Number of protein chains: 2
Amino acid sequence: MAGKINIKELAKYLNLSIATVSKALRDSYEISEQTKKKVLEAAEKLNYTPNPHASSLRKRKSKTIAVILPEVADNFFSLAINGIQSIAGDKGYHLLIYLSHEKFENEKAIVEECKSGRVDGVLISISSETTDAEHIKKLQAENIPVVFFDREFENIKAAKVITNDYECGQAAAEHLLKNGSKHPVFLSISSSLPICNKRAEGFSSVLINHGIFHKDSILYCDVDTEKMRKQIKKIISKESGIDAIVTSVERVAMQVYLTCHEKNIKIPEDLKVIAFSTLETAPILSPPLTTITQPAFEIGKKAAEILFKSIEKSNYDLASDLIIIPSKLIERTSTKKVRNKQSA
Amino acid sequence: MAGKINIKELAKYLNLSIATVSKALRDSYEISEQTKKKVLEAAEKLNYTPNPHASSLRKRKSKTIAVILPEVADNFFSLAINGIQSIAGDKGYHLLIYLSHEKFENEKAIVEECKSGRVDGVLISISSETTDAEHIKKLQAENIPVVFFDREFENIKAAKVITNDYECGQAAAEHLLKNGSKHPVFLSISSSLPICNKRAEGFSSVLINHGIFHKDSILYCDVDTEKMRKQIKKIISKESGIDAIVTSVERVAMQVYLTCHEKNIKIPEDLKVIAFSTLETAPILSPPLTTITQPAFEIGKKAAEILFKSIEKSNYDLASDLIIIPSKLIERTSTKKVRNKQSA
DNA sequence: TATTTACTCGAAAACGTTTTCGCAAATAAA
DNA sequence: TTTATTTGCGAAAACGTTTTCGAGTAAATA
């Protein structure tokens, strides 16, 4: 009745050996249907639940995966977690969530933890500070499968599930130019994150083709909200001459909007904004925000799928997997063409 | 070098016993400083990381807690996770995240899992379907500490960290009446969730005092987005006579706004909206959304704090803890008084 | 010198599983 | 009947720790 009955006591109760009980519970062919039934019933009756640590220790499998994220209060990552969970839940896997808070040191410590055998695999979206993949390589050296999602690391042989960042950067630029922008900028949060760089490069390529690229076409801001805010204030001021912004990640878009509201800068008249973001509130913002919406759920789901493929068959080679799931540009008011706008 | 060295091999390398190495690593007083240093160095050099399952098995402590949530793509829960993580991270605890997706059956299965000894404690925000606490009581019977946060269960002796829902329900009603609403309704997602009921009761009490309460002052909608959407469409149609809505949770607010935009219903002229929500985008919505903002981060943090208090000293009695952290009403445009509004 | 006392360390028994192997008994084949 | 084969089960050895207890040595006290 009350707490913590183990397999030994269950065996004693049934007048069977521990081995037999264990096998019966795992539905082994070695055990007759009759005794299997008895064991199951007794287990139910005595409220027996196997100890997962003992099991993990013996089997060298934890039925647990780690998900390492920069943060969780970001719609993209929330949706990705949902995608991951949709697969992990079905497979009976447990989800250990770790937050790096965009700090490389944290990420390293977390990855270190994952080497201990606590988890069977790792899904990771790297921090904006991460420029070195040694920690990940050590993980792989311990034969722990790793799948990058969204925020990958370029110089490493590993499975990755990402979106078509370069093309989307281009699409953003083209969209802005088409709608009358003369001086658009791309606002990045990292000079090392591939998602930022590829988006920026796609963006730049279009500007170059139009002969309007210059060194300030790509700007960088801090991940710290306060600092980011200050930098944004400068950028959006009318003196800057900038008439459109592409925000590299969701948090930046939020801050740009908040700052514009505060400073009374009109979108899209004074400034056009297009955001890489999965914000659900995009259509009801003031004004509705044009987004490049990543397939966050699908990315998480796919990443989990290939991770499990690798966990389940050890011969499966992860390293070759590179999955690209395209994003969608959703046009809304924040980038609308303004007819009677006098040039800046 | 490569993979998986255990304490036995480390001991052999050092010419020491397993016991000594183990104690040295845990900084036991029994071991001399000299050998401690040697052990630490060797551990570092050989890249030794102790196996957590073996340790958990032996110590009957997993250094892991479970966080059970209805969903994660909700700002409240994301922030709560941050709060929880801020404490758990410091203490070196691991976070196992489970999603019930608002289904009681899921929740039950998850709680069942937690009984196995996998976790040292449980933080839970119950699903909207949950009306029975037997599963939680079984958990407590196994001596696993449980702390409810936000979405508690009333008929159970357990620690809880919540916000002042009743007063906020009142505040919402008063705010709406003050700003000219004649027929406000409260839009709930559950007739069992205390957070919904208390908010609704506070709301009702004010309407009763004003003699304008009637049976349709509290309305219920489904948690399923599609169904919710249809129900909202009816409610906000001008024929309904309703001129203000209090949304019980964030997701409902989202759908109300989306539907209003779609149906071209003007906020606050045609309909005032006030939302129980921690949406960061509230101030930049169209129009800015008046919210009752819960201290999500603090609730998560406090819940984690008292959970650890109970985990760390087994004599600490959780059952008596009831912590109430107040929410804040933040007035924005969506509930603004409309001067020249002809009565409906 | 004899006896405590403190200081380091090691042997071995847990913790609760899973799995290998072997052993009977029962059945099938020869 | 003898020889294989199958079926159902149990003993015991892992898995990698932590912890109890005792033992040996060196230092301190009597």
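Here the structure is a predicted model, which is why all the values come from computation and not from measurement. A note on names: the letters A, B, ... follow the listed sequences, proteins ahead of strands, and every chain is numbered from 1.
Under 4.0 angstrom from either OP1 or OP2 of D:dC9 there lies at least one side-chain N or O belonging to A:Ser32. Between C:dG16 and B:Arg60, a contact under 4.0 Å exists linking OP1 or OP2 to a side-chain N or O. Between D:dT19 and B:Arg26, a contact under 4.0 Å exists linking OP1 or OP2 to a side-chain N or O. For the pair A:Arg58 and C:dT19, the criterion of a side-chain N or O lying under 4.0 Å from OP1 or OP2 is not met. Regarding contacts with the backbone of D:dC9, every side-chain N or O of A:Tyr29 stays at 4.0 angstrom or more from both OP1 and OP2.
In this structure, the CG atom of A:Asn51 is 13 Å from the C1' atom of D:dC15, given to the nearest Å. If you measure from atom CD of B:Gln34 to atom C1' of C:dC7, you get 13 Å, rounded to the nearest angstrom. For B:Lys23 and D:dT19, the NZ to C1' distance is 7 Å, given to the nearest whole Å. Atom NZ in A:Lys63 sits about 15 Å away from atom C1' in C:dT18, given to the nearest Å. One atom, CD1 of B:Ile18, and another, C1' of D:dC15, lie 12 Å apart when rounded to the nearest Å. Between the C1' atom of C:dG16 and the NZ atom of A:Lys61 lies a distance of 20 Å, rounded to the nearest Å. Between the NE2 atom of B:His53 and the C1' atom of D:dT17 there is a distance of 12 Å, rounded to whole Å. The distance from atom CD of A:Glu30 to atom C1' of D:dG10 is 11 Å, rounded to the nearest whole Å.
A rotation axis mapping the C1' atoms of four pairs onto the next four is fitted at both ends of the helix from C:dT1-D:dA30 to C:dA30-D:dT1 over five pairs, and the angle between these axes is 50° to 10 degrees.
Comparing B:Ser17 and A:Ala54 along DNA chain C, the residue whose closest nucleotide (by nearest heavy atom) sits nearer the 5' end is B:Ser17. Annotation: of the two residues near DNA chain C, B:Ile31 and A:Asn6, the 5′-most nearest-nucleotide partner is B:Ile31.
Contact check on A:Glu33 versus A:Lys36 returns a salt bridge, with a Lys/Arg side-chain nitrogen under 4.0 Å from an Asp/Glu carboxylate oxygen. At a threshold of 4.0 Å, the pair A:Arg151-A:Glu102 counts as salt-bridged, since one of the basic side-chain nitrogens sits closer than that to a carboxylate oxygen. Under the 4.0 Å criterion applied to side-chain N and carboxylate O atoms, B:Glu312 and B:Lys91 are assigned as salt-bridge partners. Under the 4.0 Å criterion applied to side-chain N and carboxylate O atoms, A:Asp321 and A:Lys160 are not assigned as salt-bridge partners. Remark: A:Glu305 engages A:Lys302 in a salt bridge, criterion side-chain N to carboxylate O under 4.0 Å.
Just one of B:Ile65, B:Leu123, B:Val119 meets the side chain to side chain contact (heavy atoms under 4.5 Å, CB included) condition when paired with B:Leu95; it is B:Ile65.
The side chain of A:Ile7 approaches C:dT18 more closely than any other nucleotide in the set D:dT17, C:dT18, D:dC15. For A:Ser22, the listed nucleotide lying nearest its side chain is C:dT18; candidates were C:dT18, C:dA12, D:dT18.
In this structure the side chain of A:Ser55 never reaches within 4.5 angstrom of the side chain of A:Pro50, judged on heavy atoms. Between B:Val122 and B:Val111, every side-chain heavy-atom pair lies at or beyond the 4.5 Å cut-off.
At a threshold of 4.0 angstrom between heavy atoms, the contacts of B:Thr20 include nucleobase atoms, whether or not backbone atoms are also involved. A:Thr35 comes within 4.0 angstrom of sugar-phosphate atoms only, judged by non-hydrogen atoms across all strands, and of no base.
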